[in-house]
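Note sheet for the following structure.
Just so it is clear, the model here is predicted, and its values are computed rather than measured. All heavy atoms count here, side chains included; hydrogens, waters and symmetry mates do not.
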Protein chains: 2
Amino acid sequence: MLDMRSIGDDRTTRAVIRDEALRLFAAHGPEAVTVRQIASAAGVSPGLVVHHFGSKDGLRREVDQYVLDVFEAMLGELTGEGGAELFDPGAGASSLSEAFARHLPDDSPLPGYLRRLLLSDTGAGRLLFRQLYDLSRATLDGLAAAGLAAPGRDPEVRAALLLANDLALFLLRDRLAEVLGTDPLSADGMTRWAPEMLSIYAGGLNAAPPRPQGDNP
Amino acid sequence: MLDMRSIGDDRTTRAVIRDEALRLFAAHGPEAVTVRQIASAAGVSPGLVVHHFGSKDGLRREVDQYVLDVFEAMLGELTGEGGAELFDPGAGASSLSEAFARHLPDDSPLPGYLRRLLLSDTGAGRLLFRQLYDLSRATLDGLAAAGLAAPGRDPEVRAALLLANDLALFLLRDRLAEVLGTDPLSADGMTRWAPEMLSIYAGGLNAAPPRPQGDNP
DNA sequence: ACCTGGACTGAACAATCGTTTAGCATGCTG
DNA sequence: CAGCATGCTAAACGATTGTTCAGTCCAGGT
């Protein structure tokens, strides 16, 4: 059989379809994307999409699961590094969003897809948020045990609040980039964003700004 | 002509169609809602929808504008009250989201529509976010002038951050309600949420929790 | 009383949707 | 070599989409 795929691409045709669907779903939403668009983007016939995934909804469910798997793998890698990175507000990674964005190429459709998933009112979205919430609670516990943060009067709410603040950066990324002129999840954006966030978390809105390197006290 | 509308409803048929479209768009997204569904919900024929609004997209644009107008009116009312409510973190309204939710009935489709609008990558969404950002900057200026908050090292970013945190409550409302067991925008939810938020803004993550009424110091 | 114009319907339009089917080519297995 | 499963396409299916059209109804102006 002649290989339909261009040389240097070792993905199966099935994987190509899934990846193109992922990209299109992330960009326009699953409901706005047609089977024919996916097939065309993958360079195959519409019938083959259904042949491989049963139906458009079957494809959507498989893409959901795929994204969840990739995300879980990244999460495991992150917490597996000793977890120190997530526990220390002074470390390089100051937020889940940043750590996540930093582990992905700039043009990855995954952030967009995750954004949709988180707000989509589906089982996959609920599961994802629940996992993130559990991680947020564990992180807050870790910070509290290390004396780096108080658990607050209502730790459940505090963990949810920290998670929501973190995800806001993720969900509103495009809008924030518009008004700030910088993508807050890029390397440049983070050097602006992180200090402000850490300053508030360290001492609230009235705290004196942390001195830049070499500043006077 | 016999009045098509049920007694006690003084809206024009055109307004009924717009309202039903608003409700359905907010619930399922404009792309997932058909003209026939809107017409059926409004108790009219599909042709009449097009007759009044030119096209489905014309209807969507008009609903966008309508929501923007309603929102702007509420915003004007809010800042018109002297603005004190928004400037004082200790006052009743501790966030834009809360003030907004409190001015609407519980079953209002407006929050859902605004959520979609903010993330929709349309002109209306961009305009809305820009207005909110301007308000956030003005509020931060006011707080700084009153000595209630420092403008931070990068006031633009700080205002964006405060806005994003505020909107996160709005965007993730359903997800937060799931994990917390309480709608964070309800009256009950706010009594849990606001103190945590204010505590962080007042003194950071390490601050001692503000004493509840009658507590020992 | 006549006319005009707008609200409104029911039926139909072409286009596009997700999906099905028949069939071709290929590679593996007995 | 025959047989069969698999990857895949081209064409067509019925359903549904947004939209159009012809025509009915009724209020208001002259």
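- If you check D/dT19, D/dT9, C/dG18 against the side chain of A/Val44, the one that comes closest is D/dT9.
- Note: CZ (B/Phe53) to C1' (C/dC8) measures 14 Å, nearest angstrom.
- Taking the six-membered ring where the residue is Trp, A/Phe71 and A/Phe100 present perpendicular rings, their angle passing 60° and hence far from 30°.
- Heavy atoms of A/Thr34 sit under 4.0 angstrom from primed sugar atoms or phosphate atoms, though from no base atom.
- Separating the CG atom of B/Leu48 from the C1' atom of D/dT19 is a distance of 14 Å, rounded to the nearest angstrom.
- The CG-P distance, from B/Asp57 to D/dG18, rounds to 11 Å in whole Å.
- Per the geometry, CZ belonging to A/Arg61 stands 14 Å off C1' belonging to C/dG18, to the nearest Å.
- One interatomic measurement links the two molecules: NZ of B/Lys56 to C1' of C/dC17, which rounds to 13 Å at whole-angstrom precision.
- When each of B/Arg175, B/Arg115, B/Arg116 is checked for a salt bridge (charged side-chain N to carboxylate O under 4.0 Å, His left out) with A/Asp121, only B/Arg175 meets the rule.
- Counting heavy atoms of neighbouring residues, nucleotides and ligands inside a 6.0 Å radius, atom CG of A/Asp69 exceeds 12 of them.
- Among the atoms of the strands shown, none is found under 4.0 Å from any heavy atom of B/Arg14.
- Each of B/Leu163, B/Leu161, B/Asp166 was evaluated against B/Ser136; a single residue qualifies, B/Leu163, per the side-chain contact (heavy atoms from CB on, under 4.5 Å) test.
- Within the nucleic acid shown, A/Val33 comes within 4.0 Å of sugar-phosphate atoms alone, with no base atom in reach, counting heavy atoms only.
- As rounded to whole Å, 10 Å separates atom P of D/dT16 from atom CZ of B/Arg36.
- If you measure from atom NE2 of B/His51 to atom P of C/dA7, you get 5 Å, rounded to the nearest angstrom.
- If you measure from atom NE2 of B/His52 to atom P of C/dG5, you get 18 Å, rounded to the nearest angstrom.
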